[in-house]
Amino acid sequence: MNRNDYDNSLARQARRLEEYVKIVYESVFPQVDQLPVKEIWDAQKIFITGCGDSWLAGIAAKPAFESVTKIETNAPRAIDFSRALSNKNLGYSPNTPLVILISYSGTAARVIECAKRASKYGANTIAITNNPNSPLAENCRYCIHVGLPEDGEYQPGLTTYNASMIALFAIALRIGRIRNKITPLEYEDMKKELLSFVSEAQKKVSEYEERAFETALKWKGLKAEDFIGDYGDYATAFFGSAKVIETFGGYTTYDDSEDWCHINYFLADPEKIGRVVINNESSPSYDRMLETINAVKILKSPCMIVSDAKKEAFPETMEVFTTVKPKYFWMNPLIQHIPFDFVAGYIAALKGETGFRADDERYNSDLAKNRLKSGTQILII
Amino acid sequence: MVFIKDFEITTGKNSLDNITASVNEAIKESGILNGIAVVETAHSTAGILMISAYGKEILDDIVKEMRRIIPARINFSHQDAPEDSAGHIKSALFGSSVSLIVKEGKLLCEGKQDVYFAEYDGPRNRTYSVCVNGEKEG
Amino acid sequence: MAYMETVKLETVYEGMHDVTSDVQEIVKKSGVQEGICVINCNHTTASIIITSFWDKRGHVDIQEELDKLIPMRYDYHHDFDTPTDAAGHIKSAICGTALTLIVHEGRAMLGSSQGLVFCEFDGPRSRKFFVKVIPD
Amino acid sequence: MDHKDYDSELLKQVRNSVKDIRTIAENETFEFIEKCVPPEVAKAIGNILLTGCGDSYCASIATKPIFENAETSTKTGMVPGIPTAAFRNIDFSRFYNTFSGWNPLTLGRNALCAISISGSPARPNEAALRINEHGGTSIAFTANPEGKLAGNCKYVIPMTLPSYGLAPNVTSYYSSVFSLTMFALYLNCCKKNLTKAQAEQSRKDLLKYAEAYDEAVMDRLSKQAFDLAKQWEEDGVDCMDFVGDGADYATAFFGSAKMVEAFGGLTTNDDSEDWCHINFFIKDSDHIGLFVIANEDSPAFSREMETIQTAAAIRKHIAVITDAQESLFPENVTVFRVPKPDSVWMHPLMEHIPMDFVAGYIGVWRGRQPFRNGEEPYCEDVNAARFRASKIRVI
């Protein structure tokens with residue numbers, strides 16, 4: 001089995017991790033530095049929303065926003081923000097809440113609907129997109145263009161996910177700096193650390209790739225993948241599950257460390273389910289997740305762990321991918337999805353699957369094609 | 001004869017750090033007996049001040065008055081952190097360099113006034129320089 | 001018999017909204033000829049003041065001078081909401097939120113240049129104030 | 001064989017739904033709640049935090065809108081209620097305000113409803129200890145008033161729980177959703193967002209909605225579920241995904257949990273928008289069953305309809321739980337027509353029934369023990385130490 005015969009979109013993007021992060025970094029920070037001071041000071045609550053990977057980027061960036069800006073930050077589902085959110089959260093004060101809306105193409109109907117609802121209440125809205133004259137950008141007060149080359153290979157991918165996260169980190173740092181929650185020293189250090197953390201991670205990418213290919217060979221025949229992660233790491237878990245579905249359409253499920261013990265512990269054929277656990281020493285639920293990992297050991301499932309802790313912290317039967325330990329823990333979700341991205345990409349290549357069922361016309365009919373853009377938009381006031 | 005020495009300093013928030021010792025050090029090192037010593041910082045949100053050497057409490061008064069005159073408002077035209085925007089104004093108004101007379105190898109203001117590094121947007125890593133210009137012999 | 005009404009208005013940022021006609025109308029509707037008219041604005045970041053209505057630019061001066069006196073500093077002790085809100089509380093406390101006018105011959109007595117102005121110190125917001133006309 | 005010929009502790013619970021709700025309702029009156037949490041304590045609450053594990057988390061999501069009084073239809077002219085947040089238990093215990101810090105001004109106004117039927121798992125107790133630590137009010141919703149959780153909480157609302165043998169819990173879900181609903185209405189009364197009459201009326205309407213699941217309706221749903229389950233088993237459906245929005249997401253989450261508990265079925269759950277972005281691309285579309293909750297008065301109904309049409313073009317096995325007309329849905333979709341309640345927030349109490357039936361029937365056919373009781377390797381985690389003996393750490 002020669003790995004080079006099974007190259008794939010996710011693997012190619014993972015190898016260019018640092019390159020893309022730099023492009024987005026150079027593009028977003030100057031734009032974010034233009035965000036006006038008064039509205040940043042008016043924001044008493046922050047919502048980050050989007051669909052699919054964009055929504056997950058919001059969940060992944062929650063720890064960053066809460067640590068750096070000290071403002072209550074929520075990452076609701078787009079459908080919940082636009083339709084279910086009680087309107088007591090909106091319009092109670094000028095320019096608040098700050099609503100950050102993410103859509104790479106800027107055309108996702110639901111996210112535009114969220115932007116319209118937020119604007120109706122005088123909330124401050126910032127779009128994160130790669131298309132500055134998209135309908136989303138038009139419906140938002142400010143637009144952060146992530147600056148990725150148009151023709152890049154991003155689907156199925158991780159580049160737009162990382163791009164959204166870098167833009168979110170930039171906004172969080174700007175808010176933290178303006179509201180004096182982080183000192184000028186910390187601000188400069190965090191900006192520098194963001195790049196050095198990614199370049200350190202880039203050095204380990206080829207090691208991840210080799211080991212991930214071995215895992216892919218072992219896991220190719222499994223019935224399903226089950227992902228476990230808490231809070232910010234729940235996004236990394238959910239992202240892994242989304243990649244499985246996008247690349248080879250496999251069965252997956254995901255949960256947090258506590259609820260997994262109450263529900264997914266009972267899944268049938270545990271030996272045929274590959275578990276992917278994200279557990280960082282820097283996480284407040286690190287000790288709880290260790291207990292969950294022991295329960296996984298009891299089930300004798302094939303298990304892969306992504307962690308900033310050393311291999312020795314975990315049962316030896318488990319495949320541990322130790323990632324670079326960041327100075328600021330909230331940067332972990334930026335790179336901790338890489339190991340499993342390789343696994344998903346290689347399993348798909350080994351199974352001969354094309355991403356997004358491109359070869360199956362049922363998935364590419366007109367109805368299927370504009371399922372995200374068309375559809376009724378309703379304004380709940 | 002011109003002698004320039006650079007210094008580094010890590011400041012705190014609203015800090016006023018007495019840097020007279022480093023000015024004397026530069027003068028001694030230069031060997032210059034009579035002339036002037038210019039103390040300057042190239043940062044746009046910091047400054048160099050000469051403050052009476054008679055009491056620490058004066059420093060608190062100075063910091064409070066500076067903040068009263070130039071409050072760290074959120075509606076400055078300059079779109080940066082309030083302390084940063086106010087810092088630019090303070091630095092411009094209160095000056096970022098002083099020239100001190102050196103007489104017989106010593107500062108004229110020795111014992112009466114001290115030289116302070118004023119941090120208007122800290123904590124930060126800062127640099128400043130002392131340029132001693134004059135003659136060595138009497 | 002006393003008569004009361006609520007006036008609702010949508011303010012703008014640093015808005016100075018002339019509400020003299022609203023109040024006079026309520027006094028007229030009350031039918032009270034001689035008595036007093038109490039005006040209450042129960043907000044903590046807004047006020048109702050009496051000032052000249054001839055030159056609207058004068059209203060801008062009031063907001064600007066208040067802003068100089070009470071800058072929108074970020075380091076107020078009250079930092080639960082926003083700096084604008086913190087400064088707004090002080091401006092509102094200074095400018096007051098309750099007024100009483102004399103009603104004579106069916107009208108609230110105001111000087112030839114006096115007008116009632118609703119000052120918004122933390123807008124835009126939807127605001128309301130109460131006018132109660134009480135006969136002698 | 002007919003659906004009536006099958007029985008199990010799970011199916012018994014589902015069939016006794018209305019009877020059990022009547023029993024629960026008899027005890028869970030406003031006077032009873034008032035004795036547990038006095039009005040002056042209720043009035044002082046400014047912020048409701050709901051948390052629990054598994055089904056209790058579902059109950060939190062299901063009843064959040066009732067606390068928030070976010071009645072989108074202005075029928076009862078309800079005014080906005082209390083700011084409310086529903087948390088995954090680990091999120092509340094270890095992450096809530098951990099990075100941003102607690103707001104000193106609202107410490108005393110936070111009230112946590114810690115929900116746990118037995119009161120024994122570590123995490124709900126950890127949550128209660130945490131809110132006590134941070135100056136908030138802890139309220140236990142538990143069927144075991146002498147249990148650990150009741151001991152750790154300042155106030156206790158004992159929940160009536162008709163007992164059954166070991167089985168995936170459905171009755172306990174009625175108990176927690178109903179108790180939380182009564183507490184939410186009581187709270188809004190104390191805070192003058194609702195009149196006593198409106199609260200009483202809402203309670204009557206809720207019971208009327210439960211009663212609407214009468215013999216005929218339950219029999220029809222049971223038969224439909226039986227036929228669907230048989231068809232899906234014959235077609236080799238080996239995975240299911242569940243879609244619900246807002247409070248209906250609780251029903252989707254609950255349904256997926258029942259499948260796992262009853263027979264270890266592989267399930268995942270999402271909302272109607274995100275499903276189109278992710279689960280739409282699952283390859284083996286002939287062997288995966290989709291459940292969608294789509295009620296006519298739900299604010300997300302328009303999106304749910306679009307998602308059902310999109311799914312119908314690629315999937316064979318689709319079931320919809322709705323109070324709308326069958327004719328609105330594509331032919332190849334099985335429509336579970338359920339009664340229509342007076343208020344949108346009432347749906348989650350009952351709309352999970354069709355899925356419970358399906359879990360029950362498949363559970364009997366596949367012959368798996370509920371919660372894999374006694375089965376290897378699951379039973380090696382003795383007495384569910386994984387969540388009962390988990391170390392409590394209050395931060």
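We name chains A, B, ... by the order of the sequence lines, and we start the count at 1 in each one.
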Asker: Does the distance from a Lys or Arg side-chain N to an Asp or Glu carboxylate O, for A/R83 and D/D245, drop under 4.0 Å?
Answerer: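 Here A/R83 does not pair with D/D245 in a salt bridge, since their nearest N and O are not under 4.0 Å apart.
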Asker: Taking atom NE2 of A/H262 and atom CZ of D/R123, what is their separation to the nearest 0.5 Å?
Answerer: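 It is 8.0 Å, given to the nearest 0.5 Å.
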Asker: A/Y231 and ring pair (Phe, Tyr, Trp, His ring centres under 6.0 Å): which partner among D/F87, D/F95, D/Y96?
Answerer: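 Of all the options given, the one that passes is D/F95.
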Asker: Looking at every non-hydrogen atom in both residues, tell me the closest pair between A/D230 and D/I90 and how far apart they are.
Answerer: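 Residues A/D230 and D/I90, closest heavy atoms: OD2-CG1, 3.7 Å.
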Asker: Evaluate side chain to side chain donor-acceptor pair (under 3.5 Å) for A/S374 paired with D/E306, printing each intermediate quantity in order.
Answerer: CA-CA 9 Å; A/S374 68; D/E306 292 155 15; over 6 Å; no
Asker: For side chain to side chain contact (heavy atoms under 4.5 Å, CB included), just list the numbers for D/F253 and A/I263, CA-CA rounded to whole Å, side-chain angles, deciding distance to a tenth of an Å, and then say yes or no.
Answerer: CA-CA 10 Å; D/F253 196 113; A/I263 303 172; 3.6 Å; yes
Asker: Between chain D and each of A/D269, A/L372, A/T253, count heavy-atom pairs under 4.5 Å; write down the option with the most.
Answerer: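 It is A/L372.
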Asker: Taking the basic N atoms (NZ, or NE/NH1/NH2) and the acidic carboxylate oxygens, is any pair closer than 4.0 Å for D/R88 and A/D255?
Answerer: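 Answer for the salt bridge query: yes.
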Asker: If you tally heavy-atom pairs under 4.5 Å against chain A, which of D/G54, D/A389, D/C276 wins?
Answerer: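 Most heavy-atom pairs under 4.5 Å with chain A: D/C276.
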Asker: Could you check which of D/S390, D/C239, D/A385, D/G246 has the highest count of heavy-atom pairs closer than 4.5 Å to chain A?
Answerer: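 Between D/S390, D/C239, D/A385, D/G246, the count favours D/S390.
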Asker: Nearest 0.5 angstrom please: D/Y57 OH to A/D256 CG, how far?
Answerer: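 Output value for this atom pair is 8.5 Å.
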Asker: Select one option (side chain, backbone, both, neither) describing which atoms of D/D270 are under 4.5 Å from chain A's heavy atoms.
Answerer: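 It is both, since atoms from each part get that close.
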Asker: Could you tell me the separation between the CD atom of A/E225 and the CG atom of D/L266, rounded to the nearest 0.5 Å?
Answerer: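 A/E225 atom CD to D/L266 atom CG measures 10.0 Å (nearest 0.5 Å).
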Asker: Output, in order, the C-alpha distance, side-chain angles, deciding distance and verdict of salt bridge (charged side-chain N to carboxylate O under 4.0 Å, His left out) for A/K300 and D/E380.
Answerer: CA-CA 11 Å; A/K300 301 181 189 58; D/E380 280 161 37; 3.7 Å; yes
Asker: Quick one: pull up CZ in D/R303 and CZ in A/R371 and give me the separation to the nearest 0.5 Å.
Answerer: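 Going from the CZ atom of D/R303 to the CZ atom of A/R371 covers 8.5 Å.
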Asker: Quick check on D/T267 against chain A: is it the side chain, the backbone, both or neither that has a heavy atom closer than 4.5 Å?
Answerer: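 Contact with chain A involves the backbone of D/T267 alone.
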Asker: Please walk me through it: do A/R77 and D/Y249 pass side chain to side chain contact (heavy atoms under 4.5 Å, CB included)?
Answerer: CA-CA 11 Å; A/R77 296 164 179 270; D/Y249 177 70; 3.2 Å; yes
Asker: If you count every heavy atom of other residues, nucleotides or ligands that lies below 6.0 Å from D/K191 atom NZ, does the total exceed 12?
Answerer: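 Yes, because the 6.0 Å sphere around NZ of D/K191 holds more than 12 heavy atoms from other groups.
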Asker: Tell me, for A/P270 versus chain D, whether the close heavy atoms (under 4.5 Å) come from the side chain, the backbone, both or neither.
Answerer: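 When you check distances to chain D, atoms from both the backbone and side chain of A/P270 fall under 4.5 Å.
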Asker: Measuring heavy-atom distances to chain D, does A/I378 have an atom under 4.5 Å in its side chain, in its backbone, in both, or in neither?
Answerer: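 Interface part for A/I378: side chain.
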Asker: Looking at CZ of A/R110 and OG of D/S272, how far apart are the two atoms once the value is rounded to the nearest 0.5 Å?
Answerer: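 Those atoms lie 7.0 Å apart.
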Asker: Could you give the distance from CG (D/D381) to CD1 (A/I298), rounded to the nearest 0.5 Å?
Answerer: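 One gets 4.5 Å once the value is rounded to the nearest 0.5 Å.
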Asker: Please classify the contact between A/T252 and chain D as side chain, backbone, both or neither, with a heavy-atom cut-off of under 4.5 Å.
Answerer: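 The answer is the backbone of A/T252.
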Asker: Flag the one option from D/M259, D/R94, D/R386, D/E376 with the top tally of heavy-atom pairs under 4.5 Å to chain A.
Answerer: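 Among D/M259, D/R94, D/R386, D/E376, the one with the most close pairs to chain A is D/R386.
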Asker: Only pairs of heavy atoms separated by less than 4.5 Å count here; which of D/I288, D/I395, D/D271 has the most with chain A?
Answerer: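 Highest number of pairs under 4.5 Å: D/D271.
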Asker: Verify the neighbour count for atom NZ of D/K316: are there more than 12 heavy atoms of other residues, nucleotides or ligands below 6.0 Å?
Answerer: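 Open: at most 12 neighbouring heavy atoms sit under 6.0 Å from NZ of D/K316.
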Asker: Going by the angle between their ring planes, with limits at 30° and 60°, are A/Y363 and D/F281 parallel, tilted or perpendicular?
Answerer: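 Ring orientation of A/Y363 relative to D/F281: parallel.
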Asker: D/I282 versus chain A, heavy atoms under 4.5 Å apart: side chain, backbone, both or neither?
Answerer: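 Answer is both: backbone and side chain atoms of D/I282 are under 4.5 Å from chain A.
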Asker: Just by distance, do the side chain of A/Y265 and the backbone of D/Y378 share a donor-acceptor pair under 3.5 Å?
Answerer: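 Side chain of A/Y265 to backbone of D/Y378: a pair is present.
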Asker: For side chain to side chain contact (heavy atoms under 4.5 Å, CB included), just list the numbers for A/F248 and D/K283, CA-CA rounded to whole Å, side-chain angles, deciding distance to a tenth of an Å, and then say yes or no.
Answerer: CA-CA 7 Å; A/F248 60 95; D/K283 176 166 178 54; over 6 Å; no
Asker: In terms of heavy-atom pairs under 4.5 Å, which option from A/L367, A/T376, A/V68 contacts chain D the most?
Answerer: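 The answer is A/T376.
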Asker: Which bit of A/E353 comes within less than 4.5 Å of chain D, counting heavy atoms only: side chain, backbone, both or neither?
Answerer: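 Answer is side chain: those atoms of A/E353 sit under 4.5 Å from chain D.
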Asker: Which residues pass the ring pair (Phe, Tyr, Trp, His ring centres under 6.0 Å) test with A/Y251, sequence neighbours left out?
Answerer: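 Applying ring pair (Phe, Tyr, Trp, His ring centres under 6.0 Å) to A/Y251 gives none.
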Asker: So which residue, D/T98, D/T307, D/D238, ends up with the most heavy-atom pairs under 4.5 Å with chain A?
Answerer: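 Among the listed options, the one with the most contacts to chain A is D/D238.
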Asker: What are the two closest heavy atoms between A/E258 and D/F387, and how far apart are they?
Answerer: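 That closest heavy-atom pairing would be OE2-CB, 3.5 Å.
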Asker: Any side-chain donor paired with an acceptor under 3.5 Å for D/S285 and A/R362?
Answerer: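 Per modelled atom types, D/S285 and A/R362 side chains form a pair under 3.5 Å.
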Asker: By a 4.5 Å heavy-atom criterion (distance strictly below it), what part of A/A368 contacts chain D: side chain, backbone, both, or neither?
Answerer: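 Both the backbone and the side chain of A/A368 come within 4.5 Å of chain D.
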Asker: Give, as side chain, backbone, both or neither, the part of A/F81 having an atom under 4.5 angstrom from any heavy atom of chain D.
Answerer: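 Neither the backbone nor the side chain of A/F81 comes within 4.5 Å of chain D.
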Asker: Would you call A/D287 and D/R393 a salt bridge, taking side-chain N to carboxylate O under 4.0 Å as the test?
Answerer: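 So A/D287 pairs with D/R393 through a salt bridge.
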Asker: Apply the test side chain to side chain contact (heavy atoms under 4.5 Å, CB included) to residues D/C53 and A/D259: give CA-CA distance (whole Å), side-chain angles for both, the deciding distance (0.1 Å), then the verdict.
Answerer: CA-CA 6 Å; D/C53 302; A/D259 258 7; 3.8 Å; yes
Asker: Identify which part of D/T310 has an atom lying under 4.5 Å from any heavy atom of chain A, answering side chain, backbone, both or neither.
Answerer: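 Interface part for D/T310: both.
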